[in-house]
There are 2 protein chains.
Amino acid sequence: MIDEATAREKVVRAADELFYTRGVQAVGMDAVRSAAGVSLKRIYSLFASKDELIVAVLRYRTEIWDAGLAAAALRATTARERILAIFDFLDAWFREPEFRGCAFINTHGELSASSDAVAGAVREQKSAFQAYVAGLVEALGAPPQLAPQLAILAEGAQTTAAIAGVPDAARQARVAAETLIDAAMR
Amino acid sequence: MIDEATAREKVVRAADELFYTRGVQAVGMDAVRSAAGVSLKRIYSLFASKDELIVAVLRYRTEIWDAGLAAAALRATTARERILAIFDFLDAWFREPEFRGCAFINTHGELSASSDAVAGAVREQKSAFQAYVAGLVEALGAPPQLAPQLAILAEGAQTTAAIAGVPDAARQARVAAETLIDAAMR
DNA sequence: TTGCGCGGAGAACGATCGTTCTCTACGATA
DNA sequence: TATCGTAGAGAACGATCGTTCTCCGCGCAA
């Protein structure tokens with residue numbers, strides 16, 4: 001038998017991919033079981049309910065997002081470049097064939113009305129992103145009100161790219177971000 | 001018996017409110033029937049399926065959105081003010097207690113993977129908004145690439161306000177829009 | 001070797017969904 | 001007035017969902 005941590009990871013990874021591709025409510029627990037290769041009984045011994053699994057998936061996505069953002073920032077040398085790296089990161093993501101929008105925004109639209117736990121997990125991730133941007137803005141020495149403006153650009157790029165189905169929004173948001181940064185530093 | 005147009009409107013209005021408040025998939029056709037006071041048989045004679053009703057609700061929302069935007073623009077005298085009126089319109093909307101984010105974004109996150117018709121209706125509305133902004137930018141005499149930047153700000157403000165649960169994003173996006181406009185006109 | 005406990009597979013359960021069907025009542029027409 | 005068509009109310013249907021339960025087989029202790 002596989003150990004608990006491995007089973008947990010298999011379930012979360014499988015659920016993440018299914019939820020992201022088809023939507024959360026469209027995926028039954030049977031489909032998660034088949035994709036993960038872990039029995040329903042085991043799944044329910046690891047997660048008390050589907051809601052709890054959804055929250056675990058969102059936390060897993062948060063880790064991936066954070067790691068991707070950090071990797072993109074590593075390639076930058078200045079604070080300004082680290083901010084713009086966010087939009088390069090988005091650009092690369094939007095071009096992936098599997099891109100279907102921000103999983104947090106999608107899940108929020110789907111379940112925030114019916115699950116406080118899910119809404120809370122999404123809010124947490126977005127608030128962490130806001131804090132990340134605020135840190136970069138502070139390192140740049142720009143006024144703090146620049147940070148939410150840049151975060152709004154990033155959010156808007158994600159929904160625009162998802163709905164329009166083209167990656168242009170990343171580049172457009174990047175240009176806007178440069179303009180906002182320059183104006184804030186003047 | 002009430003005439004067809006009236007029945008249609010009652011169903012669409014009731015469905016719109018229910019879908020927006022609780023999410024589309026969380027609302028059964030029975031609930032629509034009860035809220036609208038129109039029998040299931042009648043509903044299915046007006047709409048071939050729930051999917052078709054969803055699309056009708058999205059078109060109804062589009063009309064409301066367009067009318068609200070037009071009313072906000074009426075209060076402005078210059079092209080620049082008409083653009084900024086978008087964000088004032090968002091601000092007032094975000095402060096409504098019933099605000100639960102953009103219905104188009106929410107519905108897209110919920111159903112775009114399972115219904116092409118729904119995804120198409122959402123894409124149509126967003127594309128119309130982009131065209132509206134592009135028209136204002138052209139009237140302003142600013143370079144056309146300003147338009148998608150402003151649209152991204154508006155989209156980002158909507159998701160940010162919905163998830164964070166506070167209306168600040170409208171004001172922040174408005175300030176950013178002013179900066180972008182000024183930079184584009186220089 | 002013989003019990004025993006635990007995990008896997010998936011059947012079963014109760015609820016709910018979208019959609020259709022049945023039955024009844026009423027209003028218009030000849 | 002008698003008859004027919006139609007609409008309303010809601011039961012019914014088949015599918016599917018989240019969750020639990022049953023049964024079977026395998027690995028380990030004495």
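Nothing here was measured: the structure is a model prediction, and the numbers come from that model. So you know, we letter chains A, B, ... as the sequences are listed, proteins then strands, and number each from 1. These numbers come from the heavy atoms of this one structure, side chains and all, not from hydrogens, waters or symmetry mates.
When each of D:dG10, D:dG8, C:dA9 is scored by its nearest atom to the side-chain atoms of B:Arg42, the top-ranked nucleotide is D:dG8.
Salt bridge status for A:Asp88 with A:Arg174: present, with a side-chain N to carboxylate O gap under 4.0 Å.
For B:Arg33 and D:dG8, a side-chain-to-base donor-acceptor distance below 3.5 Å is absent, hydrogens and geometry of angles not being considered.
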Check your understanding: Between B:Leu136 and B:Leu150, does a side chain to side chain contact (heavy atoms under 4.5 Å, CB included) hold up when you go through it step by step?
Key -> CA-CA 11 Å; B:Leu136 293 183; B:Leu150 297 174; over 6 Å; no

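The aromatic rings of B:Trp93 and B:Trp65 sit perpendicular to each other, their planes meeting at more than 60°, with 30° as the lower class boundary.
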Check residues 125-134 of chain B and write down every donor-acceptor pair under 3.5 Å in which the side-chain atom is one partner and the other belongs to a residue at least two apart or another chain.
residue: B:Lys126; atom: NZ; partner: B:Glu155; partner atom: OE1; Å: 2.9
residue: B:Lys126; atom: NZ; partner: B:Glu155; partner atom: OE2; Å: 3.4

Dump every N/O contact between nucleotides 16-21 of chain C and the protein below 3.5 Å, one line per pair.
residue: C:dG18; atom: OP1; partner: B:Val27; partner atom: O; Å: 3.4
residue: C:dG18; atom: OP1; partner: B:Lys50; partner atom: NZ; Å: 2.2
residue: C:dG18; atom: OP2; partner: B:Met29; partner atom: N; Å: 2.8
residue: C:dT19; atom: OP2; partner: B:Tyr44; partner atom: OH; Å: 2.6
residue: C:dT19; atom: OP2; partner: B:Lys50; partner atom: N; Å: 2.8
residue: C:dT19; atom: O5'; partner: B:Tyr44; partner atom: OH; Å: 3.4

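A donor and an acceptor atom, one from each side chain of B:Arg100 and A:Ser112, are located under 3.5 Å apart.
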